[in-house]
Structure formats: C-alpha cells, structure tokens
Amino acid sequence: MSDKVKVTIDGISIDVEPGTSILNAARQIGGDIVPPAMCYYSKLQGSGGKCRTCLVKVSKGSEKDPRPMPKLVASCRTTVMDGMEVQNITSPEVVEARKGVVELLLINHPLDCPICDQAGECHLQDLSYEHGSEATRYEFDRRTFDKIDIGDKIQLHMTRCILCYRCVFTADQITDNRVHGILGRGDAAEISTYIEKAVDNDFSGNVIDVCPVGALTDKTFRFKNRVWFTKPVDAHRDCPKCSGKVALWYKGEDVIRVTARKDVYGEVEEFICNDCRFEHKKTSDWVIEGPRKISPHSVISANHYERLTPPSVVRKNPALLESNKEQFERVTKL
Amino acid sequence: MGRKLLLENINVPGINTFDVYRQKGGYRAVEKVLKGMSPEDVVEEVKKSGLRGRGGAGFPTGMKWSFLAKPEGKPRYLVCNGDESEPGTFKDRYLMTYIPHLLIEGMIVSSFALGANTSYIYVRGEMMPQIRILEKAIAEARNAGFLGKNILGSGYDLELYVQPGGGAYICGEETALIESLEGKRGNPRIKPPFPAISGLYNCPTVVNNVESIAATVPIINDGGDEYAKLGIGRSTGTKLISASGNLNKPGVYEIELGVPVEEFIYSDEYCGGIANGKRLKAVVAGGSSVPILPANLILKTLNGENRLMSYESLADGGFASGTMLGSGGFVAFDEDQCIVRNTWNYARFYHHESCGQCSPCREGTGWMEKVLHRLEYGHGKLSDIDLLVDVSKKIEGNTICPLGDAAAWPVASAIRHFRDEFEWHVSRPEEAMDRNYGLAHYADPLPKPEAVAAN
C-alpha cells in the first residue's frame, strides 16, 4: 500500500487509489454500506453532489488532520484522505438526513408508480422503499407538467423529474451537441429544449438509460409491458457506431426493448447508439450471449433465471424436519 | 461619536467625482502601496488589521488572501461581490452610489496585493444606475492614470471591469458568482476545490464583498494596527449597517463595532428609536437570513450583558438565544408587526431564489413557504409548526451552498422565539386576520423561560 490511501467506512477498511471519492471507495467494499446515489454517474464527468442522498458523516478527516468534518458531506464528490473514517449507515444523523432528503425528493414527485413506465427499475422507487417513510406529510399540489416529445423516440415527462442533471451531462459528454438544458430556477426549474426542438443525434437515446426516474422514457417501449414480465438477455452485434453490447428485453418471442447493460448501481457499462436501441428489434439482428444477471433483490429477477435460495433446515424436531422438507420441495419446484 | 473611516467624506458635495475624491485625500492608498510596499506587505497589513469579511460570513480577509494559490503561469483574479441581494441589506449599494471611487481605490490596492491584473466588480443586475456610476468612475480613474498599463509608473497593470449580474440572489454566493461571471447558469459549485485554488476560469480567485474591499483603503492609509484599535475584541474596525424597518431614522450608518444594540436603536446619533412612539418587538440583526430575535434577547444576552454590535456579541448564545452580524442588514419590527407574515415573506423570497440544483433546498423552501402561507392565512394546524421546524432541520447543513441554511434559519428561529404567535395564528385564525398578536411578552426583561425554552 505504497501510494494507496486507507479509508474506513462503517468500520470496514479498504486501501484505494488517491483521488477516489468516498462513494467509489464504498462501492469497492460493496454491500449495505454503499450510499445510494441518484445524481452521481461514474461515467459522466462533473455529475453528482446535487441530490444529497449520498450524504455521509466524516468522523475523522485524515491521519494528518483528525478533525471531523463539520457538516455531512456528499460522498460522491468528496475525495478520500489517508486515514479517513466515514460513517454511513452507522450514523443516526446520516440515516435521518437521508430520510429527509428522500421525503423532499418525493414531495414534488407523483406517487403513481402503478401507472409509471419506470416502475420496477426506478431508482427513486428503490430509494424511497429503502430509506423513506410510508406516508408523506406534504399536503399541497405537486408541480405538474405536460408530457413533451423530444424527438420521435424519447418522451419527457417533467412531472417525474428529480433534476439530477444526468441527461444534461450525457448530452454534453456523449453526444456532439446538446439541445436541452435546465430552464428556470428553484422548484420551477425544468429540463427543456426551450423552443420545442427534437433531440436528434446518434446517442441521444442514452438519456433514457441515465434517467433514474421515469422522466425520460423510450417511446417505442412505453406502456408495452412491465419490466418484470420481460426477460433480459445479453446480446451483441457488430455496430459501426458503438460497442454493440446491449441487453435485450424479451416478451415471449419478441424483443420489445433494447437498452445498454446496467450494472448493480444502475449505471450503464457502455453507452449504445440509437441504431442499436431503436432500430434493431429482431432476434436475428443479435448474437445472444445468455441470460442477463439481475440482482435477486430486484423485482425484474422475479423467478426468471436464478433458483431461489433453498431455505436452510434449521429445525431439530423430526416432525418439523419432515414438514420443512415438504416446504423445501414446494418452494424449489418451479 | 464613533469614528468614520468609509463614510468620512460622504457629505462632501461631488465626492462621487474623481477630482473631489482626490482632493479629499483619495487614492493616497494606491500611491502608498505602489510606491513603497510589496504585495506581501499589503496582505500582512490587512492581516494585522483583523478585518473580517463584510459580506456575511465574517471570515478574516487577510487569511483568505493568504490562502490564494500562486501557481506559475496562471493569472489570478480578484472579484468584488457587489451582488447585494439580501433583504434588509443595502450598504454596498449606498457605497457604490455615493462614493464609487472608494471601491475602485480598494480594488486597485487589493488587486495589487493579490497580484491580479484583471479584476471584476460583479454588480447585481437590478442596480443599473450603480453600474453606470462605477463605469464612469473607472473611466475617470483610468484617465487619471490609476488604471490601465503601468499605473503611476510602478510597472503594475490592472484592468477593472464591471459585470452586471442577472439579478439572482444566489449569484451572491461566491462560486455561483464565478459561474455567472463565466457566462454560465448561476449554480453554486461543489466545494472543494475552493475558489482560492480554482475559481474564475479555473484560476485562483478571491471573492470579496464591496465593503471589505473598500475597508482596505483606510487600513493602508492608517496602518493595520491603527485599524485594529477600533472595534472590540476580534471584531475590529467599522461596519456599515443598513438599518430599516420601523425606525425613526432608517438608513446606512457606519458604526464602530462594539456599539451596544440599544444605543444603536435608540440614540439620536443612529436610528433615533422606534417610529411613531411604538415599542420594539423583534430585530433581524444581519439581513434576512440570520435568526430573528425578540426585543428582550437582542438588547441583552442571556447572561444579562448588553448585546453589542459585534460578530461575537451578536452570536452570543449560539442559535438558541443569539443571532449573527451577517451582512449588517438591521431590520427592526415594532409591536404591530406580524412575525408569521414576516417569516412567510422571507420564506417566499428563498423559495423564489433557490437555484434548484440540490434537492433539499429546491423542494424544502417551497414546502416551507406553502405551510407558512397556510398559517398566515388562518388555515394552519398546530402540527404545521413542528413540521416547519423539522423541514428546516432537514434543509440546514445538507445543501451545496449556504442558501439552504439561510432559508432554514429565519423559519427555525422565528418558531423558536415566537412560537406563541404561531400558535395564536392556528387557534384564533379569524382574529389573526383582523389584528396582530402585538408585543406580548417579547420585550419583558430576561430571564423569561418562555422566551428561551422552546428550542
């Protein structure tokens, strides 16, 4: 560990490269101690720091300067120092602040997941399920917008937007020109193209993938199906524009959607072009690699490919042991 | 009679012109600095003076200057923050309107100290007359050889530009100001890196308030030690206070730090008491974002000492029973003012001015505004009061820039000190529409448990 710096997150130590953010150090450790991130996207430069869900407490600044940081810091934009100690889920203050941020994120977000196309793969849904409270205390009208078509393939529904700025960074960094941006300020801020204009270039479809909520959706897939009824498989094709590595989402025999491959943090592995995304929806276009690994905790994985972990036999009583075996068989029979 | 440093010649006719200002001893500091001092000397002198940032945070200016990174081959910038938008504060506007050359002289001195060859004065967009005044003053100074190439034959070059802002409160935050100056959307940057390392155009930058920069002129003229003799404790020098509200003589006053608050409100030298013979109910001592205090707590601290107009004394008691000097926007409320309405008004301001970048502030300010609106108009519930406290806690400290704190503090402090009045708005909504709560016990002598127990 010559050049590496040591950071301790919730009591777990790890050596990381200098310049790593706390969030990325936590992701290297993995597990429950990874702070959630709604706006940070490791593949987009300059993203992060805005949603405040990744707040953590730095209880010891570094080996040289052991003072704690006075305020909670955004872990996605704070770099680790040698000897830094960070508290995430072990700090009640962080848990409370995160709950507050989730509540605030939800006050202007419609709570109509059953009719939202993103349900099942929505980060905000996961976040509020994990960190939020059951009911809102907000009793006023939420801000609403009309749906806008930005181009013929992408629909923007600002009502659901949490202003993470990811799509703005994507357009800046992945595509050749950005025609949309943030207008207005405060809670009147919105993503827009100003004068209604089609977002039209080869990589514009990636804004759908980076959107953590259902604000930017694929018009070719909208309301075709719920994601947990579709079967994702990895596939690739020889694409002149992008890597061609995608995930196909099958319903029966049909490919009903093509997206980039997303990792466990919802970040795409490689951005894909609009040709792959919108124009090639036949099995014959693709070379299938195999079923896509989906986290067993995700609703998308609901009994598709992974066998349920058989419940372990813990009961000592022979009669119970017998019934346990029955239960085991019933559960494991698909 | 307090000593005046900044506004000494404010009543001289024509002080806004170069000739009169020069006659009255103006630009002496520039001559002194350029002819006999090194930049380090100037920084040292400002450090000695103990000058603290006059924009609100009160960070020592000399120390801020010494943090400036000095990499080779990169220009350094000085930016003057004239984006004064805090409700209740109007001292910088006054200074720029009536004695613009003081600011320009200060800019030359400070730029020299920092080694900046290009400096900007970022003025709030609504202050168009002041922008014209400053531009005229810069032209005059340039004609007299105090700006441009090789100033006074010293070999030091300085270009000074005035940049109108778009008229956003958030652009008074230094990193948002820098973004705005670069021509981008005025969103605060995430720190670190701090502007002293990477600011304007990714170069080391110092952002100072108008008054801080103007204060360098008397510091250089008289010496830092002389300046430090004024004031009290670590609050050295003089401060411009913009007094407004129900006062007999509202206006901009230059006070020596350490004047008792009571004297400031009631003496004829300053505000001359509360207008129309009414009684004082509450004071916002440093611009809308600092905690509001009831009359009894603003005049005396909890220990029974007189509260003074200084950084330390006003902050005595922390957030439980103290406030902050902030930017010096002193707003007095008489007994007929409604604190709920005022709090709503402030919340409405912060709701309107939130940049919308980070979620607690974007969503929380709007929520507080709506709840306060409901309380003010008699549709509130008792639980709303605790809800407000809770929401303000969730915003405070969790945002990118201090606007979140600024939005949370007035609400939290108003409820802390004036909870009865909020409850009265809930329990007697019809009455609350017709009349105000009145003075109640808010001016009773301390210690009064109900005035301090509710935090």
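Please read all numbers here as calculations on a predicted model, not as lab measurements. A note on names: the letters A, B, ... follow the listed sequences, proteins ahead of strands, and every chain is numbered from 1.
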**Report entry** B:Asp384/B:Lys370 ion pair, N-O < 4.0 Å
**Finding:** no

Requested in this report: Give the member of A:Ala188, A:Gly184, A:Cys164 that has the highest number of heavy-atom pairs under 4.5 Å with chain B.
Outcome: A:Gly184

Report task. Compute whether any side-chain donor of one residue and acceptor of the other, for B:Tyr377 and B:Arg341, lie under 3.5 angstrom apart. Result -> yes

Sequence neighbours left out, cut at 3.5 Å: what donor-acceptor pairs do the side chains of residues 396-404 of chain B make with other protein atoms?
| unit_1 | atom_1 | unit_2 | atom_2 | d |
| --- | --- | --- | --- | --- |
| B:Glu396 | OE2 | B:Trp409 | NE1 | 3.3 |
| B:Asn398 | ND2 | B:Lys394 | O | 2.9 |
| B:Thr399 | OG1 | B:Cys401 | O | 2.9 |

**Report entry** Engaged part of A:Glu103 at the chain B interface, taking heavy atoms whose separation is under 4.5 Å
**Finding:** side chain

Query - Interatomic spacing from CD in A:Glu190 to OG1 in A:Thr159 - rounded to 0.5 Å - result: 10.0 Å

Report task. Could you note down all residue pairs passing ring pair (Phe, Tyr, Trp, His ring centres under 6.0 Å) where residues 168-191 of chain B supplies at least one of them, sequence neighbours left out? Result -> B:Tyr169-B:Phe349, B:Tyr169-B:Tyr350

Report summary line: Whatever's closer than 4.5 Å to a heavy atom in chain B on A:Phe140 counts as side chain

**Report entry** Contacts of B:Glu182 that satisfy salt bridge (charged side-chain N to carboxylate O under 4.0 Å, His left out) - sequence neighbours left out
**Finding:** B:Lys184, B:Arg189

Query raised in the report: Among B:Lys191, B:Lys393, B:Arg374, which residue forms the greatest number of heavy-atom pairs with chain A at distances under 4.5 Å?
Result: B:Arg374

Query raised in the report: Residues of residues 362-369 of chain B under 4.5 Å from chain A (heavy atom pairs)?
Result: B:Arg362, B:Glu363, B:Gly364, B:Gly366, B:Trp367

Query raised in the report: Between B:Asn187 and A:Tyr165, is a side chain to side chain donor-acceptor pair (under 3.5 Å) present by the stated rule, with each step listed?
Result: CA-CA 12 Å; B:Asn187 277 359; A:Tyr165 287 58; 3.1 Å; yes

Requested in this report: Check whether the side chains of A:Ser42 and A:Glu267 place a donor and an acceptor atom closer than 3.5 Å, and report yes or no.
Outcome: yes

